[in-house]
Amino acid sequence: MSPHPSSFSDQLFFKNLDKNQVTKHVQNTLKSAEDGELFLEYRENEVFALDDGILKNSSFDISYGFGLRRVIGEVAAYAHSSDISEQALKRACKTVETISSSGNVNLSPNPPRTNQLLYTEANPLTDLKTQDKVTLLKNIDQYARQKDSRVKQVMCSLLGSWQVVYIIRADGSWYQDVRPLVRLNVTIIAAHGTRQEVGTFGSGARVGYKIFTANNSWKNAVDEALRQAIVNLESQPAPAGEMTVVLGSGWPGVLLHEAIGHGLEGDFNRKKTSAFSDLLGKPVAAPGVTVVDDGTLVDRRGSLTFDDEGTPSQRTTLIENGILVGYLQDRQNARLMNTKSTGNGRRQSYAYAPMPRMTNTMMDNGKYSPDEIIKSVKKGLYAVHFSGGQVDITSGKFVFSTSEAYMIENGVIGSPVKGATLIGNGPDILTKVQMIGNDMKLDNGVGTCGKDGQSVPVGVGQPTLKINGLTVGGTHL
């Protein structure tokens with residue numbers, strides 16, 4: 001049972017339905033399965049986007065529906081509908097009953113209960129009036145232009161969602177969660193002569209919009225986006241070759257998320273398609289490297305009171321002092337691998353079945369100050385922000401593009417460089433970590449993770465890291 005009252009679900013899902021009858025349908029359909037659930041979802045989404053002082057997009061939509069899943073062994077049948085009615089549910093029950101077992105099956109135990117409450121249940125979309133949201137975006141545009149004459153274009157947006165989920169399991173037990181989420185994005189194009197460069201900054205959390213208006217905190221987003229754009233105006237072509245790379249704290253943890261995190265998800269390891277398959281208990285990183293996934297951080301973008309199967313979120317250690325000690329699991333893959341779910345069964349919406357996904361993935365602190373790390377580098381690259389990347393889960397190979405980076409010369413951060421890409425192998429990069437900073441921080445709440453066509457909000461984080469012998473792709477040889 002969730003800490004939330006059932007009134008939300010009664011109003012949203014059972015206004016025209018008999019809850020007891022729905023529960024009976026679920027029980028009858030899943031009684032001969034190993035696992036499964038009815039997942040009901042109601043979601044409100046809105047977007048306000050301003051471009052050069054003009055409101056280019058203002059949208060609001062409501063989506064709701066259900067997904068019914070029946071699991072036997074490695075097979076899962078899934079049916080979903082945007083029509084929350086008894087007729088639609090009956091059709092879904094017949095659909096998922098097409099899979100059956102050749103022998104006796106035992107229903108998996110329910111997830112444990114939780115009383116944790118990691119975020120408010122208030123609807124963030126009602127936190128500010130519509131005109132106040134538009135005014136906020138216009139203030140961002142005006143502030144950026146007044147701050148620096150080199151600003152040529154300002155694009156900013158507010159995004160908000162309010163999601164209510166209600167899960168009914170095979171024995172009739174229910175779990176409910178109410179999930180707010182907001183985000184502010186600012187992009188600035190600055191120009192000097194014929195050269196133009198971009199700076200971006202975003203922030204968000206599972207709170208209301210007033211997080212951006214309190215103490216005019218939105219100005220910090222503008223200042224940071226403008227700073228990045230100006231830095232890039234002064235940048236030189238990045239050199240290419242193998243060199244020492246220092247990754248900044250916070251958002252650079254996206255490299256950890258992509259290059260390593262996905263390879264530690266249970267489904268890839270059960271199917272032995274991950275570069276980390278069959279390596280539990282073995283060293284996969286340099287001593288001192290500890291990587292965790294923690295979905296219990298209050299108000300964080302990637303946090304969940306419980307996952308989309310009803311399992312409470314937890315802090316899961318994946319790599320401890322260089323040793324691989326665990327994977328991220330949903331219920332199905334955990335059962336097939338003879339372990340327990342880690343609360344990482346997530347789905348984009350009712351239209352998708354859950355699978356193992358990250359929440360807030362980060363590397364723990366080490367013992368070195370950022371200054372000590374920089375001073376230890378004779379010549380290398382200091383990567384502060386990334387704009388994107390890609391990774392091959394099977395091989396672990398990755399390519400990441402920096403959006404803000406500097407050269408390090410004789411222990412001093414030097415001139416900014418543009419066009420630097422980091423090329424390497426996920427498992428290999430962990431073994432090349434030489435120094436771990438004591439300044440671990442999380443990103444500002446903007447992460448979105450894609451996997452098999454599904455996107456979910458996530459968080460990343462790390463301290464400053466020194467990595468030896470990483471390949472840097474650049475435009476200056």
Side-chain angles (χ1 to χ4, degrees), residues 242-261 263-264 276 279-298 300 302 314-326 328 358-386 396 398 400 402 404-414 422 424-444 447 459-472:
E242 184 176 293
M243 64 184 73
T244 298
V245 174
V246 176
L247 301 178
S249 61
W251 178 245
V254 68
L255 192 152
L256 177 76
H257 168 103
E258 293 289 355
I260 293 132
L264 298 178
F276 292 96
L279 294 180
L280 277 177
K282 298 179 180 179
V284 295
V289 172
T290 295
V291 178
V292 302
D293 184 86
D294 192 345
T296 69
L297 305 177
V298 174
R300 294 299 306 184
Q314 64 183 53
R315 178 182 171 93
T316 303
T317 301
L318 302 169
I319 299 172
E320 186 171 17
N321 196 24
I323 307 298
L324 181 62
V325 296
L328 298 176
M358 286 172 274
T359 57
N360 302 300
T361 310
M362 68 206 80
M363 185 182 294
D364 278 355
N365 270 326
K367 62 181 181 179
Y368 298 99
S369 71
D371 286 344
E372 286 179 286
I373 294 176
I374 296 295
K375 289 178 181 178
S376 71
V377 179
K378 185 176 182 180
K379 184 175 182 179
L381 183 79
Y382 180 39
V384 180
H385 288 286
F386 291 98
F398 64 81
F400 273 84
T402 64
E404 182 182 357
Y406 305 82
M407 291 306 299
I408 304 174
E409 298 281 354
N410 296 317
V412 177
I413 298 174
L422 303 186
N425 177 282
D428 184 54
I429 194 176
L430 289 178
T431 65
K432 294 182 176 181
V433 173
Q434 288 191 323
M435 299 175 75
I436 304 172
N438 57 11
D439 60 337
M440 199 289 287
K441 70 175 182 179
L442 294 165
D443 74 288
N444 293 293
V460 300
Q462 68 172 43
T464 299
L465 295 178
K466 177 184 175 182
I467 302 171
N468 187 45
L470 191 59
T471 300
V472 176

Do the side chain of Glu320 and the main chain of Gly288 share a donor and acceptor less than 3.5 angstrom apart?
no
First locate atom CG of Leu381, then atom CG of Leu422, and finally report the distance between them rounded to the nearest 0.5 Å.
6.5 Å
Can you tell me how far CE of Met358 sits from CD1 of Ile260, rounded to the nearest 0.5 angstrom?
10.0 Å
Separation between CE (Met362) and CG (Leu256), nearest 0.5 Å, reads 9.5 Å
Strictly distance-based, threshold 3.5 Å: is any side-chain N or O of Trp251 a donor or acceptor partner for the main-chain N or O of Phe386?
yes
Quick check: does any side chain N or O of Asn365 sit under 3.5 Å from a backbone N or O of Asp439, one acting as donor and the other as acceptor?
yes
Nearest 0.5 Å, what's the OG1-CG distance between Thr361 and Leu264?
9.0 Å
Can you list the steps and then say if Glu258 with Phe398 is a side chain to side chain contact (heavy atoms under 4.5 Å, CB included)?
CA-CA 8 Å; Glu258 293 289 355; Phe398 64 81; over 6 Å; no
Only residue of Thr316, Thr317, Thr359 satisfying side chain to side chain donor-acceptor pair (under 3.5 Å) with Asp293 is Thr359
Could you tell me whether the side chain of Ser249 and the main chain of Met440 form a donor-acceptor pair under 3.5 Å?
no
Interatomic distance, Asn410 atom CG to Lys375 atom NZ [nearest 0.5 angstrom]
13.5 Å
Ionic contact status for Lys432 with Asp428, cut-off 4.0 Å:
yes
Keeping Asp294 on the side-chain end and Asn360 on the backbone end, is there a donor-acceptor pair under 3.5 Å?
no
